[in-house]
Amino acid sequence: MEHNSTFPIKQNELDMLRDEATSYIKSVQWEQSQRAKNKDKDAKDESILLYLSRANNGSNVSLTSVSKTILALKKRLLPESVAIPIHLNHTLYAVQEGITLGIWIKDSFYDASGLSTLIDNRSALDSDGKREYESKMHTATAYMLFATAYKILYDLKPHASDDLSVMKQKFAGIPEVSLLSPLKGIACQLFYYDKYLSHPDIIKSDKDVIDFTVVYFEALIDEIQLRKSNLEYTETIIDRTYKLEKSDFAVSGWENVFQGTAKSVEFNKIEFEQIVGNRDAKHFARRLTERMLSYDFEEKKNPFQELGGFMPVFMGYGIPGTGKSMLIAAIATRLKMHCDNLDIPFLFHPMPDTLISTFQGGSAEKMVEWMKPLQDPTKLIFAPIDDAENNLQERTAQGVSAGVKEVIGVFLRYTEGAYAVNYGNSSVGLFTNLPEMLDKAVISRVQGRFKIDGARTEHDFLDQDHLWWRKLDTTMPDFVNMQGPENYSYLQDQGLAKSMGEILNVSNKPTEQRVLDAYGKVEKHFKTNHHLFYANLYMEIQKIFPFFSSRDVRNIQSAVSLRLTDFDLEEDWFDNPEIYFKKDYDTKFNMLQELMRANMKGLDFSEIRRQEVVRYLDNVATIADTDFKRKVDARVNQMNIDLKARETFGK
């Protein structure tokens, strides 16, 4: 589903349709279907559904006027005033603009799908032509209602209450949706919208008008999403994007960004110093937060992208029990703390556990919903995928579900493809115990990687005990007796490193045998020319690991850029945001370049390049070998079981 063309929605064209939209708000006719009338026959008298089903007062056709209902609401909400309450006015305007845009979208579909021609020749249509005409009418109506509801949500959602659960409990659903024709479709929807608005229990205050309207039109979008699989002739809907002139609003197929107008998920507050060991991971996480915070909301870009130090996708991997979940919480805690201080909106957006659906296409839809908010340029977004091997597992492995394949397809499209938009304000973090089980194409999207290896040294294990027992030590000091060694004060080693150079166990040669052999072979011939050395080393590696590609080379280049931008932002920048964070993009970029130059004076480019190449290639080999070793271990284990079973059986 590639959106290959964008069409403008011109304001002057909308101006010509506004009178038509207003006429619907003034008056529409609707005849309720028998099913809608019977929908809640057995309900008690106070039921809202019963109220709706009796809305026609026994007559066949009902005239509804939303504008009259709005005036009645005005009298009820502001009885002493001539003014229209502010939210009521805002809502009426949004509904009018939504319908205007819906009519424009419908007209556009008429022309693009050939429905206009069918309408002109309607009297001469044969049975196939009539079927096509009806089918296209249904699709046009559905798309018009979708675009109308979508525009209303776009205008009103930012002004609605954060928590709409009370309004959702009052709302009893939309009794019927008509797709027979655009006129019937809009009349049916306005009829029920109006009936809800005039129900005394629904609207108690001015704010309720906006809240109810958002709940109602969200429900309408859900109803249309349920029906869209039965619609035909949708090619001209899904292959194009309509963008409103002088606005960020766009209709892109049936995509609904608001389904994922994600609210930040709650998380436990954890400081980096409370995590034992994991120096590499903590350092990486700190750099990530500093880089994200440098994002410029005016320009919608990040100076670190230009400097080559930003990672839209990164990976943390390590054995179970080494602190992956704690690290996710610590990154979120640090970002939230700085965002609060700098008055920046922050979204913590972890992938939900329930993403894989048993329905065909369901997982892809859920994944699109999850990934859509990552394209919102108005906030900083941290999107961790914990236990990433569950949803992004190697597609060629036996027994991998269709759902996993759908999720990976969407992930690849949104991280690098026609859809990939990265302003430098969002980062996806894959966290896994089993990197070798991740899909190869997914791993190749990873631009920064680090090991989460938990406690490693004597001091780490001392600190881990200290963190656990110190609660008891404060209440019963003599019982645990937490005295540490003379030359070490607790948590001294758990602070943050200054640079990667401090952390790396710099090995001059690869540690993985197959990589070491290739390295040695190439080194003999190309000792003096660095560029030729690396080009030939990559060719050798490709012979051993056929999946090694240009993208891996680019990832190595990214890793080198990360090292070159591996400098601290000045501490007083955080204390006084005016010095750096609140500056314009160009000033920030120049300040970072200064820091980068100062930082590079102590670095040797060829040394850093060699270290990063060795690190990356070792990593590739480890992941490939672990996968092979696991398969061998599983087979050996099975043979041992068979052997033991035979012995037991023979006794």
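Computed from a predicted model, the values in this text were never measured in an experiment.
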On the 0 to 90° scale, with breaks at 30° and 60°, tag the Tyr242-Trp104 ring pair as parallel, tilted or perpendicular.
perpendicular
Just how far is it from atom CD1 of Ile103 to atom OG of Ser108, taken to the nearest 0.5 Å?
13.5 Å
Is the backbone N or O of Pro85 less than 3.5 Å from a side-chain atom of Asn89, with the two atoms forming a donor-acceptor pair by type?
no
Closest non-hydrogen atom pair, Asn391 against Val407
O-CG1, 3.7 Å
More than 12 foreign heavy atoms under 6.0 Å from CZ of Arg227: is that the case here?
yes
How long is the straight-line distance from NZ of Lys136 back to OG of Ser116, given to the nearest 0.5 Å?
9.5 Å
We want to know whether Ser294 and Asn302 form a side-chain donor-acceptor pair, criterion being a heavy-atom distance below 3.5 angstrom.
no
With a 3.5 Å cut-off and no angle check, do the side chains of Gln305 and Tyr295 form a donor-acceptor pair?
no
Using a 3.5 Å distance criterion without hydrogens, assess whether the side chain of Ser161 forms a donor-acceptor pair with backbone atoms of Leu164.
no
Run Gln32 and Tyr192 through side-chain hydrogen bond (donor to acceptor under 3.5 Å, both in side chains) and show every step you take.
CA-CA 10 Å; Gln32 275 180 303; Tyr192 289 109; 3.1 Å; yes
NZ (Lys228) with more than 12 external heavy atoms under 6.0 Å:
yes
Going through the distances and angles, do Ile344 and Phe297 end up as a side-chain contact (heavy atoms from CB on, under 4.5 Å)?
CA-CA 9 Å; Ile344 292 172; Phe297 284 87; 3.4 Å; yes
Heavy atoms only: give me the nearest Trp370-Ala383 pair and the separation to one decimal.
CZ2-CB, 3.7 Å
Decide, yes or no, whether a salt bridge links Lys170 with Asp201 under the criterion of side-chain N to carboxylate O below 4.0 Å.
no
Could you go through Lys151 and Asp155, starting from their C-alpha distance and side-chain angles, then the distance that decides it, and tell me whether this counts as salt bridge (Lys or Arg N to Asp or Glu O under 4.0 Å)?
CA-CA 6 Å; Lys151 176 71 166 74; Asp155 288 339; 2.7 Å; yes
I'd like to know if Asp340 and Lys336 make a salt bridge, using a cut-off of under 4.0 Å between side-chain N and carboxylate O.
yes
Which of parallel (below 30°), tilted (30 to 60°) and perpendicular (above 60°) describes Trp254 and Phe146?
perpendicular
Centroid-centroid distance, Tyr193 to Phe217, less than 6.0 Å:
yes
Residues passing the side-chain contact (heavy atoms from CB on, under 4.5 Å) test with Ser205, sequence neighbours excluded, are Lys207, Asp208
Can we say Asp296 and Lys300 salt-bridge, meaning some charged N sits less than 4.0 Å from an Asp/Glu carboxylate O?
no
Spacing of NZ belonging to Lys204 relative to CZ belonging to Arg76, to within rounding of 0.5 Å
8.5 Å
Under 6.0 Å between the ring centres of His159 and His90?
yes
Locate the shortest heavy-atom distance separating Ile25 from Gln96; write the atom from each residue and the value.
CD1-CA, 3.5 Å
Can you confirm whether Asn12 sits close enough to Met16 that some side-chain heavy atom of one is under 4.5 Å from a side-chain heavy atom of the other?
no
Intermediate values then yes/no, side-chain contact (heavy atoms from CB on, under 4.5 Å), Gln11 and Leu244:
CA-CA 8 Å; Gln11 293 288 354; Leu244 181 58; 3.8 Å; yes
For a quick check under 3.5 Å, do Gln189 and Trp30 share a side-chain donor-acceptor pair by atom type?
no
Check whether any side-chain N or O of Ser444 sits under 3.5 Å from a backbone N or O of Ala441 as a donor-acceptor pair, and report yes or no.
yes
Examine distances only and state if a side-chain atom of Glu245 and a backbone atom of Ile9 form a donor-acceptor pair shorter than 3.5 Å.
no
Hey, could you give me the CE/NE2 distance between Met371 and His349, rounded to the nearest 0.5 Å?
8.5 Å
If you compare all heavy atoms of Gly102 against all heavy atoms of Ala147, which two are closest, and at what distance to 0.1 Å?
CA-CB, 4.3 Å
Are any side-chain N or O atoms of Tyr196 and backbone N or O atoms of Gly173, one a donor and one an acceptor, separated by less than 3.5 Å?
yes
Using the side-chain contact (heavy atoms from CB on, under 4.5 Å) rule, take Phe431 and Ile385 through it: C-alpha gap first, then chi angles, then the decisive distance, then the call.
CA-CA 6 Å; Phe431 292 83; Ile385 304 179; over 6 Å; no
What distance separates Thr148 OG1 from Tyr24 OH, expressed to the nearest 0.5 Å?
10.0 Å
Carboxylate-amine/guanidinium contact Arg18 Asp15, below 4.0 Å:
yes
Salt bridge (Lys or Arg N to Asp or Glu O under 4.0 Å) for Glu218 and Lys157? Distances and angles first, verdict last.
CA-CA 10 Å; Glu218 274 182 344; Lys157 193 106 182 184; 2.4 Å; yes
Aromatic contact, Tyr216 with Phe212 (centres under 6.0 Å)
yes
Could you go through Lys130 and Glu134, starting from their C-alpha distance and side-chain angles, then the distance that decides it, and tell me whether this counts as salt bridge (Lys or Arg N to Asp or Glu O under 4.0 Å)?
CA-CA 6 Å; Lys130 285 197 176 91; Glu134 278 171 17; over 6 Å; no
Measure from NZ or CZ of Lys243 to the centre of the six-membered ring of Phe249, then state whether that distance is under 6.0 Å and the direction lies within 45° of the axis.
no
Does Asp387 reach the main-chain N or O of Asn390 with its side chain, forming a donor-acceptor pair under 3.5 Å?
no
Do Arg240 and Glu235 meet the salt-bridge criterion of a basic N to acidic O distance under 4.0 Å?
no
Heavy-atom neighbours of Lys582 NZ exceed 12 at 6.0 Å:
yes
Between Asp206 (side chain only) and His87 (backbone N and O only), is there a donor and an acceptor less than 3.5 Å apart?
yes
Sequence neighbours left out, what passes side-chain contact (heavy atoms from CB on, under 4.5 Å) with Pro182? Give chain and number order.
Lys106, Tyr110, Met137, Thr141, Met144
Look only at the side chain of Ser401 and the backbone of Val404, and say whether a donor-acceptor pair between them is shorter than 3.5 Å.
yes
Just wondering, are more than 12 heavy atoms of other shown residues or ligands nearer than 6.0 Å to CG in Leu71?
yes
Between Arg413 and Val368, is any pair of side-chain heavy atoms under 4.5 Å apart?
yes
Would you compute the distance between atom CG of Leu197 and atom OG1 of Thr91 and round it to the nearest 0.5 angstrom?
8.5 Å
Check for a donor-acceptor pair, side chain of Glu406 on one end and backbone N or O of Ala364 on the other, with a separation under 3.5 Å.
yes
Verdict with reasoning, Asp107 to Leu17, per side-chain contact (heavy atoms from CB on, under 4.5 Å)
CA-CA 10 Å; Asp107 290 349; Leu17 302 171; 3.9 Å; yes
Under 3.5 Å, side chain of Thr100 to main-chain N/O of Ala21, donor-acceptor pair present?
no
Using a 6.0 Å distance limit plus a 45 degree cone around the ring axis, check whether Lys301 lies over the aromatic ring of Tyr423.
no
Which pair of heavy atoms, one from Ala142 and one from Leu231, lies closest together, and at what distance?
CB-CD1, 3.6 Å
Distance under 6.0 Å and angle within 45° of ring axis: Arg291 vs Phe310:
no
For Asp194 and Ser65, the nearest pair of non-hydrogen atoms, with its separation, is OD1-O, 3.4 Å
